[in-house]
Asks: 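Supplied in structure tokens, the structure appears directly below.
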Amino acid sequence: MQIPSRFTIAVHTLMCIDHFAGQHKTTSEFIASSVNVNPVIIRQVLQKLKAAGLVTVERGAGGAALARPASNITLLDVLQAIEGVKGPLFNFHENPNPNCPVGAAVRPVLEGRLQKAQSAMEQELASTSLADLLKDVG
């Protein structure tokens, strides 16, 4: 499993918006120059962040702003906004052979452990705010 790079692009985007607030208009072109991607990708990311209530965006050259303080935006918020990860992260194959001892047991054996792993990841992401990351940028 790999979480697509849109997640880290979204985090980078939010960090730029906060870091450069009041210094530069944080347009998709400006943010794209920091992320080093096409502005279209930034616009797509901003749309998802806006839909999740994490940013506000002014049309044209107005730029983007955080919709709430950086201390109230967690990495889990960003992941859920970008990837829509709600519910089980791990999916099971549909039809294991119920007549096989492994096939009959695989889901009950794995399900609790995988949920525990997902919970640990979500707790770690929820405990890290955008403000925490910005402190390390300087």
Side-chain angles (χ1 to χ4, degrees):
M1 171 190 72
Q2 188 175 37
I3 295 173
S5 63
R6 300 267 174 161
F7 169 67
T8 55
I9 289 172
V11 173
H12 188 150
T13 296
L14 291 167
M15 291 174 71
C16 278
I17 291 169
D18 188 82
H19 183 80
F20 293 108
Q23 300 173 39
H24 295 280
K25 285 188 178 182
T26 49
T27 63
S28 57
E29 289 80 14
F30 179 82
I31 297 166
S33 71
S34 176
V35 180
N36 203 25
V37 297
N38 190 298
V40 171
I41 293 172
I42 300 302
R43 284 192 283 277
Q44 292 168 347
V45 166
L46 285 170
Q47 287 175 351
K48 289 185 175 192
L49 295 172
K50 181 180 178 185
L54 301 180
V55 298
T56 60
V57 180
E58 290 184 33
R59 287 198 165 279
L66 297 183
R68 56 189 196 220
S71 59
N72 292 343
I73 299 174
T74 69
L75 291 180
L76 183 59
D77 295 330
V78 179
L79 181 64
Q80 289 174 339
I82 297 302
E83 298 302 324
V85 179
K86 292 183 181 176
L89 191 60
F90 300 96
N91 293 311
F92 284 91
H93 54 291
E94 299 263 333
N95 299 307
N97 183 349
N99 298 321
C100 170
V102 175
V106 69
R107 187 174 186 136
V109 166
L110 274 177
E111 200 164 35
R113 289 173 172 93
L114 295 179
Q115 178 54 45
K116 188 175 177 181
Q118 179 175 342
S119 293
M121 182 189 80
E122 289 175 351
Q123 286 175 351
E124 183 63 29
L125 292 174
S127 71
T128 304
S129 73
L130 186 61
D132 295 331
L133 301 176
L134 288 160
K135 286 177 195 170
D136 292 340
V137 170

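Only this structure's heavy atoms are used, side chains among them; waters, hydrogens and symmetry mates stay out.
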Asks: Of the non-hydrogen atoms in F7 and E83, which two are nearest, and what is the gap between them?
Replies: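 Residues F7 and E83, closest heavy atoms: N-OE2, 4.3 Å.
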Asks: Please assess S119 against Q115 for the test side chain to side chain donor-acceptor pair (under 3.5 Å), listing each intermediate value before the final yes or no.
Replies: CA-CA 6 Å; S119 293; Q115 178 54 45; 3.0 Å; yes
Asks: I would like to know whether R6 and I41 meet side chain to side chain contact (heavy atoms under 4.5 Å, CB included); could you show each step before the answer?
Replies: CA-CA 9 Å; R6 300 267 174 161; I41 293 172; 3.7 Å; yes
Asks: Looking only at heavy atoms, what is the nearest atom pair of P98 and A104, with distance?
Replies: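 Heavy-atom minimum between the residues: O-CB, 3.6 Å.
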Asks: Do any N or O atoms from the side chain of D132 and from the backbone of S129 form a donor-acceptor pair under 3.5 angstrom?
Replies: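 Checked: pair present.
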Asks: Run the side chain to side chain contact (heavy atoms under 4.5 Å, CB included) test on H93 and R107 for me, step by step, so that the C-alpha distance in whole Å, both residues' side-chain angles and the decisive distance to 0.1 Å come before the verdict.
Replies: CA-CA 9 Å; H93 54 291; R107 187 174 186 136; over 6 Å; no
Asks: Once you round to the nearest 0.5 Å, how far does OG1 of T27 lie from CZ of R43?
Replies: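 Going from OG1 on T27 over to CZ on R43, the span is 9.0 Å.
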Asks: Just so I know, are the side chains of I42 and I9 near enough to count as touching, which here means a heavy-atom distance under 4.5 Å?
Replies: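 A side-chain contact under 4.5 Å exists here.
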Asks: Within a strict 4.5 Å, meaning less than it, do heavy atoms of the L46 and I17 side chains meet?
Replies: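 Answer yes - side chains close enough.
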Asks: Write down the atom of A81, the atom of L54, and the distance for their closest heavy-atom approach.
Replies: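 Scanning both residues, the minimum pair turns out to be CB-CD1, 4.0 Å.
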Asks: Any heavy-atom pair between the side chains of L66 and L130 that's under 4.5 Å?
Replies: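 Contact flag for L130/L66 side chains = yes.
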Asks: Any donor and acceptor pair, going by atom type alone, linking the side chain of S34 with main-chain N or O of I31 inside 3.5 Å?
Replies: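 Side chain of S34 to backbone of I31: no pair is present.
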Asks: Might you point out which heavy atoms bring C16 and T26 nearest each other, and give the distance in Å?
Replies: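 Looks like O-CG2, 3.9 Å.
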Asks: In the single-linkage hydrophobic clustering (I, L, V, M, F, W, Y; side-chain heavy atoms under 4.5 Å), do V11 and V137 co-cluster?
Replies: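 Result: yes, single cluster for both.
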Asks: Looking at side-chain heavy atoms only, is the closest gap between V37 and H12 below 4.5 Å?
Replies: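 The answer is no; the side chains never approach within 4.5 Å.
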Asks: Side-chain contact, heavy-atom cut-off 4.5 Å: L110 with F90?
Replies: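 A side-chain contact under 4.5 Å is absent here.
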Asks: What is the minimum heavy-atom distance between L125 and T74, and which atoms define it?
Replies: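 Heavy atoms of L125 and T74 come nearest at O-CB, 3.7 Å.
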Asks: Any side-chain heavy atom of T128 within less than 4.5 Å of one from L133?
Replies: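 In contact.
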Asks: Side-chain contact, heavy-atom cut-off 4.5 Å: E124 with S127?
Replies: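 Contact flag for E124/S127 side chains = yes.
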Asks: Please confirm whether the backbone N or O of I82 pairs with a side-chain atom of K48, one donor and one acceptor, at under 3.5 Å?
Replies: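 Pair found, side chain donor or acceptor close to backbone of I82.
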Asks: Supply the atom-to-atom distance R68 CZ to I73 CD1, rounded to the nearest 0.5 angstrom.
Replies: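 Here the interatomic distance stands at 5.5 Å.
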